[in-house]
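Below is one structure, written out as structure tokens; comments come after it.
Note that these values count all heavy atoms, side chains included, but never hydrogens, waters or copies made by symmetry. Here, residue 1 is the first one in the sequence, and each next residue gets the next number.
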Amino acid sequence: MATVFEEKNISKAVLRMGLPAMLGQLTTLIYNIADTFFVSLTKEPAMIAAVTLCTPILLIIMSVASVFGMGGSSVIARLLGEDKNKEVRKTLNFCLYAMAMSGIMILLAGIFLMEPIARLSGADAENMSYTKDYLKYIFLGAPFIILSNGLVHLFRSMGFIKESTIGLALGNSINIVFDFVFIVLLDWGTAGAALATSFGFFCSTVYYLVCMAGAERKGNQLVTLSVKQFAPHKKMVGSVVVIGIPGALITVLLSVSNIVLNNFIGIYGSDAVASYGIAYKVDMVPIMLSVGLSQGVAPLIGYYYGAGKRERMSQAMKTATIYGFFLGAIFLAVFCLLGTNLAGVFLHDESLIHQAGYFISILGLSAPMLGIINMVTSYFQALGAAVKSLLITIMRNVVLFIPAVMLLNRLWQLNGVIAAQPIVETILAIICIVMYAKDLSTQKPASLAKQPNVQ
């Protein structure tokens, strides 16, 4: 653990933290694409549309994991930098049981409110039954979805890099296998896709709990599964939640903006939703890799923050941002050249293939900007500047994105709706650069050794 956080070569430290997280996000992305691919084999646009419409709901469930996973991760990384191992153990235990209880509450709420949630997501008479089939099994798996996604962040913050990546890869691999079984062999459609997803998260949750039990048995002072250790106090809960809620709202607001977007695209029919759904899945490749890089490096930045190492923190931030920007530029080139070919993997109708290919090339314009936006957001989360990270999200999903979708829809109809994302991301990247530069110029070296500043 100390070897990772105290690596002298900053580029190597960034890669050691970032690459496993990117690999984990890549496996998550592969299972997302697998869901869509296997459902697309039915050649039923309404089913593809249903999976697209349910994605924001799945993201909202995952956002609960962010409250305790990302919030706990930020607090734990800084506590480790301050050498407060006892507080680390208590914080980890609290986050674990809080996630489990939250998952059970979401399961119950989702089952009782399934149809209103389906309608809110944009489902219509053509795809309502498919949407409800998907939601049913996603809600049943909610406790495991939350635990699996939250424990990934907590493991990284403690330096369990290998275990966090294995857990993600295990769950997603199992998901892909059962996608084939449930959708292709058993013909369960969207219900099979959702069941495979929930079962994959169940398996990864079991793996993480086994790892924690093994670490505790070996005498690791940071880990405990005992319910008797569940003793949250006001300061601990406040420290986690004040970072975690803005982190969760990032996902919630992203989901809300996607629901608004899906409703606007839905005006143009299920075929348009299906085309966008495929384009969005392909565009998720640079998005998820960028998120993985920023989330993987965040504990490193938090550790330097807690240890008062301002210069190393700045170097890590600069290096990771440059990596993220150039990674996005590579994907932009690929999408512009091969967008139609990528769409053809999932679609069979020639007109839909060309439409989705065009959408892919447009969405790809925002890929380089993601390296800047995601790193600056993670930077503020790592430092405990919760309000600043939330402000970036509010600007993206509420202040800029929703008005842009409405305006561009009036000006250029469907093409305008799709163009909203790269336009907004470019504006936001400039804003993020200004925010980061201002934060560095006003930050006092002495302040780096202090605990959460909710700015």
Side-chain angles (χ1 to χ4, degrees), residues 56 59-78 95 98-99 102 146 149-150 153-154 157 235-261 287 290-291 293-295 297-299 301-302 305 313 317 320-321 324 366 369-405 421 424-440 442-443 447 450-455:
L59 290 174
I60 289 174
I61 295 173
M62 290 180 176
S63 72
V64 178
S66 297
V67 174
F68 306 105
M70 294 180 68
S73 172
S74 176
V75 172
I76 287 171
R78 281 180 273 119
C95 291
M99 288 189 294
S102 299
I146 293 171
N149 282 277
H153 296 294
L154 296 171
S157 68
K235 182 179 179 181
M236 175 205 298
V237 175
S239 296
V240 171
V241 172
V242 80
I243 302 301
I245 287 182
L249 286 176
I250 290 174
T251 306
V252 171
L253 291 177
L254 175 62
S255 299
V256 169
S257 67
N258 280 341
I259 289 172
V260 171
L261 182 64
I287 291 175
S290 176
V291 168
L293 176 63
S294 61
Q295 289 182 352
V297 175
I301 293 173
Y305 177 85
M313 183 185 73
M317 179 67 185
T321 303
S366 63
M369 303 301 106
L370 297 172
I372 299 171
I373 297 168
N374 289 329
M375 269 313 308
V376 173
T377 303
S378 290
Y379 166 81
F380 286 125
Q381 289 172 344
L383 268 62
V387 174
K388 289 183 178 179
S389 65
L390 178 59
L391 179 61
I392 294 172
T393 302
I394 292 174
M395 283 192 291
R396 192 273 180 192
N397 295 295
V398 180
V399 177
L400 296 175
F401 188 75
I402 293 177
V405 169
Q421 177 177 312
V424 167
E425 303 285 24
T426 301
I427 295 171
L428 187 59
I430 296 170
I431 294 173
C432 285
I433 291 171
V434 173
M435 290 178 65
Y436 174 67
K438 184 178 179 181
D439 183 78
L440 282 186
T442 58
Q443 198 177 88
S447 70
K450 296 180 180 178
Q451 265 292 84
N453 61 79
V454 185
Q455 301 174 19

Does Leu293 reach the side chain of Asn374, with side-chain heavy atoms less than 4.5 Å apart?
no
Side chain to side chain, Ser389 and Tyr379, heavy atoms closer than 4.5 Å:
no
If we ignore hydrogens and angles and just use 3.5 Å, is the side chain of Ser294 paired with the main-chain N or O of Val291 as donor and acceptor?
yes
Side chains of Ile373 and Arg396, heavy atoms from C-beta outward: is any pair under 4.5 Å?
no
Report yes if some heavy atom in the side chain of Met317 is under 4.5 Å from a heavy atom in the side chain of Val376; otherwise report no.
yes
For Pro299, is there any backbone N or O sitting under 3.5 Å from a side-chain donor or acceptor partner on Ser157?
no
Quick one: are Arg78 and Val75 in side-chain contact, heavy atoms under 4.5 Å?
yes
Is the closest side-chain heavy-atom distance between Ser378 and Ile301 below 4.5 Å?
no
Kindly compute the distance separating CE (Met435) from CG (Leu428), expressed to the nearest 0.5 Å.
9.0 Å
Phe401 versus Gln421: any side-chain heavy-atom pair under 4.5 Å?
yes
Would you check if Met99 and Leu154 make a side-chain contact, meaning some heavy-atom pair closer than 4.5 Å?
yes
Please report the interatomic distance CD1(Ile146) to CE(Met62), rounded to the nearest 0.5 Å.
10.0 Å
Of Asn397, Ile392, Val398, which meets side-chain contact (heavy atoms from CB on, under 4.5 Å) against Ile394?
Val398
What's the separation between atom OG in Ser66 and atom CD1 in Ile60, rounded to the nearest 0.5 Å?
12.0 Å
Quick one: pull up OG1 in Thr393 and NZ in Lys388 and give me the separation to the nearest 0.5 Å.
14.5 Å
From CA spacing to verdict: side-chain hydrogen bond (donor to acceptor under 3.5 Å, both in side chains), Gln381, Ser74
CA-CA 7 Å; Gln381 289 172 344; Ser74 176; over 6 Å; no
Closest non-hydrogen atom pair between Ala429 and Ile372, with its separation:
O-CG2, 3.8 Å
